[in-house]
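Labels below follow one simple rule: chain letters A, B, ... track the order of the sequence lines, proteins then strands, and each chain is numbered from 1. Just so you know, these numbers use all the heavy atoms, side chains as well, and skip hydrogens, waters and symmetry mates. As the structure is a prediction and not an experimental result, all values here were calculated from the model.
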Protein chains: 2
Amino acid sequence: MLSNHLQNGIETARLVWSRLPNSDDEALDEVGLSKKSDGSRSESLDYEVIENNAYREEQAQRGKLMVGYYVGVKWFFALLIGIGTGLAAVFINISVENFAGWKFQLTFSIIQKSYVAGFLVYILFNLLLVFSSVYIVTQFAPAAAGSGIPEIKGYLNGVDTHGILLFRTLIGKIFGSIGSVGGGLALGKEGPLVHTGACIASLLGQGGSTKYHLSSRWLQVFKTDRDRRDLVTCGCAAGVAAAFRAPVGGVLFALEEVTSWWRSQLMWRVFFTSAVVAVVVRTAMGWCKSGKCGHFGSGGFIIWDISDGQEDYSFEELLPMAIIGVIGGLLGALFNQLTLYITYWRRNYLHKKGSRVKMIEVCLVSLITSVISFGLPLLRKCSPCPEVELNSSIECPRPPGMYGNYVNFYCGKDKEYNDLATIFFNTQDDAIRNLFSAKTIHEYSAQSLLTFLVMFYSLAVVTFGTAVPAGQFVPGIMIGSTYGRLVGMFVVNFYKKLNIEEGTYALLGAASFLGGSMRMTVSLCVIMVEITNNLKLLPLIMLVLLISKAVGDAFNEGLYEEQARLRGIPLLESRPKYQMRKMTAKEACGNKKVVYFPRVVKVADVVSILQSNEHNGFPVIDHTRNGESLVIGLMLRSHLLVLLQSKVDFQHSPLPSDPRGGGKPISKGISIDDIHLSSDDLEMYIDLAPFLNPSPYVVPEDMSLSKVYNLFRQLGLRHILVVPRASRVIGLITRKDLLIEDNENSETVELQSTSVRSL
Amino acid sequence: MLSNHLQNGIETARLVWSRLPNSDDEALDEVGLSKKSDGSRSESLDYEVIENNAYREEQAQRGKLMVGYYVGVKWFFALLIGIGTGLAAVFINISVENFAGWKFQLTFSIIQKSYVAGFLVYILFNLLLVFSSVYIVTQFAPAAAGSGIPEIKGYLNGVDTHGILLFRTLIGKIFGSIGSVGGGLALGKEGPLVHTGACIASLLGQGGSTKYHLSSRWLQVFKTDRDRRDLVTCGCAAGVAAAFRAPVGGVLFALEEVTSWWRSQLMWRVFFTSAVVAVVVRTAMGWCKSGKCGHFGSGGFIIWDISDGQEDYSFEELLPMAIIGVIGGLLGALFNQLTLYITYWRRNYLHKKGSRVKMIEVCLVSLITSVISFGLPLLRKCSPCPEVELNSSIECPRPPGMYGNYVNFYCGKDKEYNDLATIFFNTQDDAIRNLFSAKTIHEYSAQSLLTFLVMFYSLAVVTFGTAVPAGQFVPGIMIGSTYGRLVGMFVVNFYKKLNIEEGTYALLGAASFLGGSMRMTVSLCVIMVEITNNLKLLPLIMLVLLISKAVGDAFNEGLYEEQARLRGIPLLESRPKYQMRKMTAKEACGNKKVVYFPRVVKVADVVSILQSNEHNGFPVIDHTRNGESLVIGLMLRSHLLVLLQSKVDFQHSPLPSDPRGGGKPISKGISIDDIHLSSDDLEMYIDLAPFLNPSPYVVPEDMSLSKVYNLFRQLGLRHILVVPRASRVIGLITRKDLLIEDNENSETVELQSTSVRSL
């Protein structure tokens with residue numbers, strides 16, 4: 001039915017495409033053409049017309065070897081990503097904790113003599129760190145600002161944001177977040193670490209950055225979008241695993257929050273990456289324990305260990321816990337809304353004025369943060385220390401230069417402490433540890449906690465969206481644990497039971513705020529358990545998360561979705577819109593004219609078509625010998641550009657050429673304007689058949705749009721062709737037809753005949 | 001282009017299908033027709049030709065209400081599944097632990113006087129319990145035998161096994177597993193609990209069992225396969241959550257091991273179900289703590305708490321841990337292979353001889369198990385108790401009637417214990433607790449552990465596949481922790497360090513055997529952490545799992561896949577076979593003739609076609625006015641049978657009828673032989689247009705089969721139509737076309753124009 005030469009061309013294309021390691025895959029639309037110019041590998045990759053069966057088998061064998069090599073490289077990359085991200089996390093942690101440690105040590109030693117001098121030193125130290133961060137970001141790596149998670153999410157959903165995975169972004173992210181977190185701003189280093197992991201993964205996938213001459217040729221196996229996406233998924237998981245020292249949480253975060261589609265093979269590799277990160281971080285921490293890394297390394301592998309917290313809970317406690325969930329949902333949704341407005345305003349007014357304004361803005365925010373965190377505790381009256389219990393390792397006030405609760409700040413007598421300074425004038429990690437701490441009932445006054453909550457919430461909102469790397473996890477935990485502890489205080493007063501710990505309520509508060517803002521469920525739950533090492537609270541965390549997410553969902557979308565939308569990253573939601581049910585595929589296409597190519601096309605026509613529109617995919621249509629037209633495939637703009645640039649496949653004849661090796665290195669960067677063709681070139685022709693994707697996904701014109709949506713999203717597609725209803729059915733494929741036994745020796749295809757319900 | 005009446009019919013069908021709550025969904029192929037006969041709901045559901053816009057809006061409003069009701073019911077069901085499965089788990093646990101507790105109490109009290117009498121009582125007690133189990137299973141619920149997980153996996157993959165989700169299976173599973181586990185066989189109750197959860201979920205989805213008059217009409221909202229599948233997924237997660245008291249592990253198990261496809265909305269609901277289970281089980285355990293439930297309730301929520309185990313590990317330990325992983329992979333793969341052979345033999349020879357043989361077999365296995373578990377410790381020399389440390393809560397020998405290490409069995413002196421009896425003559429839960437226990441170095445001799453390993457491994461292999469409910473988790477943990485502890489003993493002797501705990505190695509061994517046999521990764525890892533409450537071992541568990549799965553994968557498939565294949569459940573693997581790359585969709589269809597229907601078909605023809613083949617889906621073809629043929633949809637056998645049975649839609653004219661309300665209750669049970677039609681009936685016609693699925697998924701004939709495979713599996717389809725290449729392209733759908741703003745007030749469809757890479 002297909003005329004002969006047509007069939008030939010399509011056959012060629014099919015073989016070329018299927019020789020690519022993963023051409024069987026969903027995202028085939030975007031697969032790159034294989035390399036021809038690379039001398040060492042072209043031999044095994046180049047296609048030749050194969051008539052001979054023995055030769056064909058040999059080819060298949062080679063193909064299998066190739067697949068083996070490819071799988072090996074994949075796993076090796078997973079290992080490298082794990083090691084790289086783990087080391088990056090350790091480096092960031094060491095730097096941040098040392099900068100912050102020196103800062104507080106210095107300030108505390110100076111305020112023994114003069115509070116004014118200490119204040120100035122504190123402000124300057126912060127300002128210096130923050131300025132270095134904003135300078136790096138605005139001058140060298142603008143894409144390193146913010147948390148990066150919305151952009152990564154977009155990337156894995158299929159949308160590239162400019163510059164998000166460059167080498168300079170990686171560097172900017174690492175050094176920028178050291179400055180911004182060390183400088184005491186109301187933001188965290190966890191989101192940036194996820195971005196860092198993603199950058200490391202992406203750079204590995206490219207074989208290093210070409211711009212900085214770091215690329216190595218043998219690693220450039222991964223030219224397809226899907227492979228890079230898989231690597232970036234591993235990188236995200238590694239980032240979370242490294243940031244929270246929560247390997248399982250990392251896997252789940254990558255699964256639940258970041259990727260749009262998912263395969264179980266990938267899960268296995270992501271799991272491996274996370275395990276590697278855990279081992280690397282743990283080893284580094286063991287090495288640092290003896291004091292080799294300065295202030296870093298004193299804590300254990302668990303960031304905020306509260307395994308000695310509340311063991312059990314009674315039924316009456318479920319009500320206050322539910323209230324925490326509701327508060328979390330409300331405050332989280334409010335946070336999303338406020339940051340949305342502020343970011344909108346920043347993008348449209350403030351940040352348009354150039355990087356100088358961005359720098360001034362961040363420095364101003366740093367100044368305000370320093371003043372508030374130093375000044376407010378000064379205004380607060382000191383409280384007398386509680387009576388010391390025997391066997392308690394908690395000292396009050398804590399000795400100078402140590403970490404812990406009961407900070408003595410601007411207190412006259414020896415046995416006094418400043419509860420606001422304990423959480424405000426401290427690193428965020430220590431503040432959270434103090435808020436989560438058990439056996440410290442009545443440490444904080446409600447007034448201090450409320451003051452802190454209002455102030456820190458405002459600071460977090462204002463800081464969000466400035467031009468420094470900024471994560472929202474740690475500020476979220478700070479906010480949440482503050483009101484959680486507030487509720488806990490009321491519960492302790494109300495129920496007057498002995499086994500209620502305020503620290504447990506602080507943990508639930510933290511979970512509720514993150515749930516209400518980020519709307520994650522399983523991954524957040526696992527992360528909370530892994531950072532606090534208290535599995536017994538799992539059902540309570542689940543309960544609080546369920547409530548806070550439900551409450552938050554009533555108001556707006558999750559933080560990352562809101563931000564992604566604001567940044568113009570068109571994420572496809574997991575569910576099609578309601579009105580799509582009533583629309584057909586044809587209606588969705590609207591009246592847009594379809595621009596298509598004939599099989600053999602004049603170069604001049606290609607150029608004019610590419611210049612005249614912005615489409616990225618073009619159907620290719622050919623005619624059989626009896627004059628019927630046939631859609632023979634989809635040609636991508638990027639492939640056309642490569643063909644135009646190399647000129648190797650130009651031909652003089654307007655007739656289809658012999659089947660020949662397709663295969664060009666694909667590079668994303670070229671634009672039609674970069675290509676210069678002589679007038680002779682323009683008069684030549686290209687036969688597109690060997691280069692097109694011969695079987696793009698098609699849907700009939702009157703298929704419900706919601707069905708099309710599911711197809712599009714589940715398979716991670718970029719283009720779907722809408723075609724008329726078929727005139728006849730050639731066959732029906734059912735489960736039975738897909739159960740082919742993996743029989744290596746014979747070519748017989750065996751079908752299992754079993755108790756299948758629906759055939 | 002479609003002629004008018006054709007268009008009408010298709011339009012009707014599209015509207016009928018899209019009125020169903022989830023007609024937008026992937027598994028649409030199998031969606032049931034909506035109900036017409038049900039008076040109360042027919043009004044809002046019945047379709048009428050709508051000319052009027054206001055009316056249409058009202059309909060849309062009603063549709064939304066309907067969707068709201070439907071979502072509400074879904075969540076309510078998730079709650080019920082959680083409560084039901086939690087209660088079932090508590091019931092099974094209470095029964096098993098009490099039976100086992102009485103048994104050991106009785107035996108221990110009798111052997112104070114006579115070992116022979118104690119032996120007989122022990123054997124009889126076990127035999128009675130096991131016989132009750134096998135009697136229930138063989139006589140009432142044959143589908144309750146085994147673990148049920150392969151069948152559930154098959155069900156969620158799209159294959160029904162007969163009787164797997166019936167009410168009688170549920171009852172058989174619950175009471176059967178009480179008997180088999182209480183009777184001391186080498187099997188666990190965890191797998192059956194997963195099946196129990198799935199049964200509860202499925203019965204809820206049907207609104208109860210119709211056979212036992214338990215069905216309630218208002219709950220029968222869920223008639224589609226996909227909804228039932230979602231519920232069963234929730235049920236599986238609930239089962240694991242209840243069995244291991246591991247809610248997050250349950251969610252991940254359902255995600256990783258059971259389902260073939262997955263959506264994030266479902267994850268959220270599964271998470272909720274797991275949380276409910278955790279709360280229910282925890283509440284029940286709190287209630288039982290005071291001794292109200294007999295022997296049950298003494299332990300905590302964590303099954304085998306080893307949070308006081310080894311804190312840290314040194315680099316040298318990684319090698320023995322890797323060895324544990326390798327052993328796990330080898331023994332696990334061997335286990336899969338042996339059980340495969342034995343099950344094959346059983347199915348083909350032994351079990352064909354009827355249920356009497358099955359009963360005798362199980363009783364024989366019980367007898368052997370009893371003899372070995374009682375007899376072997378008798379042959380073992382007692383060891384002297386270790387010197388008692390101060391502050392240690394472990395007594396040696398343990399006081400009679402208590403749980404714990406150091407069982408005194410057939411030992412003369414007071415300060416002696418029998419190490420083989422400690423693990424063999426004990427409930428499995430206690431044996432595992434003893435193997436995992438910390439601070440008990442040198443409790444076991446290598447000889448005892450080896451004896452136990454060989455014996456228990458053989459028993460587990462022999463017991464597998466008998467006609468009782470049987471899980472493989474607990475036996476796997478037993479086997480694994482035994483060799484794990486053996487390795488641990490060598491490590492302790494070799495490295496002579498103080499902080500190495502044999503119990504930690506036992507835990508790693510358990511993880512490795514499960515990994516080597518079941519080949520799960522993330523979910524198993526989380527389950528291991530949740531049942532032992534030791535997060536610090538997470539990286540080690542991950543490492544061991546990675547190795548054991550990799551080693552096991554080199555030999556055969558996972559336990560569930562092997563068993564599913566043996567049982568003729570054709571699971572679609574996550575990855576298409578290698579040779580599919582070279583095949584086209586057309587080749588997969590082979591030379592099978594496509595049986596199709598015209599739009600209006602004679603009843604007699606329908607009957608003869610349905611009788612003459614076994615197909616479950618039939619393309620429907622119609623002709624436009626200018627004579628072209630067109631594929632207008634896919635008609636399912638089940639829907640045809642309903643039409644034939646009800647006879648309401650028969651018509652005398654062979655011409656297309658007016659668009660009318662489609663919608664029939666769909667019931668799976670009918671066969672073509674059950675339907676009796678008069679000769680008058682046979683002469684009538686049916687217009688299929690309102691009842692068919694108007695847009696089944698189609699693929700072009702020369703699409704690569706591996707691409708078709710991905711489409712089929714990712715969307716959970718049952719049928720794909722293979723059609724000729726299209727002659728023209730009507731449009732191209734890209735991401736941009738799918739980004740429709742959810743605008744409630746106006747009908748304008750707004751498109752976001754943003755920095756999308758590929759449009």
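Between the side chain of B:T734 and the main chain of A:H719, no donor-acceptor pair closer than 3.5 Å is present.
Using a 4.5 Å cut-off between heavy atoms, A:V526 contacts chain B through its side chain alone, with no backbone atom that close. Heavy atoms closer than 4.5 Å to chain B are found in both the backbone and the side chain of A:F272. With a 4.5 angstrom heavy-atom cutoff, A:L721 touches chain B via backbone and side-chain atoms both. Using a 4.5 Å cut-off between heavy atoms, B:Y596 makes no contact with chain A at all. Proximity to chain A (any heavy atom under 4.5 Å) is shown, for B:V722, by both the backbone and the side chain. For chain B, no part of A:V276 is nearby; none of its heavy atoms comes within less than 4.5 Å. Neither the backbone nor the side chain of A:L318 has a heavy atom closer than 4.5 Å to any heavy atom of chain B.
Ranking B:V699, B:V723, B:L546 against chain A, the residue ahead of the rest is B:L546, based on heavy-atom pairs under 4.5 Å. Heavy-atom pairs under 4.5 Å with chain B peak, among A:A275, A:S274, A:G286, at A:A275. Ranked by non-hydrogen atom pairs under 4.5 Å with chain A, the options B:L252, B:T283, B:L711, B:V522 are led by B:V522.
Of the options A:K707, A:K586, A:R725, a salt bridge (Lys or Arg N to Asp or Glu O under 4.0 Å) to A:D702 is made by A:R725 and by none of the others.
The CZ atom of A:F618 lies 9.5 Å from the CG atom of B:L732; values are rounded to the nearest 0.5 Å. To the nearest 0.5 Å, the span separating CD on A:E587 from CD on A:E701 amounts to 10.5 Å. Atom OH of A:Y697 sits about 6.0 Å away from atom CG of B:N710, to the nearest 0.5 Å. The line from CG of A:L705 to OG1 of A:T584 is 7.5 Å long, rounded to the nearest 0.5 Å.
The nearest pair of heavy atoms linking A:A585 to A:V708 is CB-CG2, 3.9 Å.
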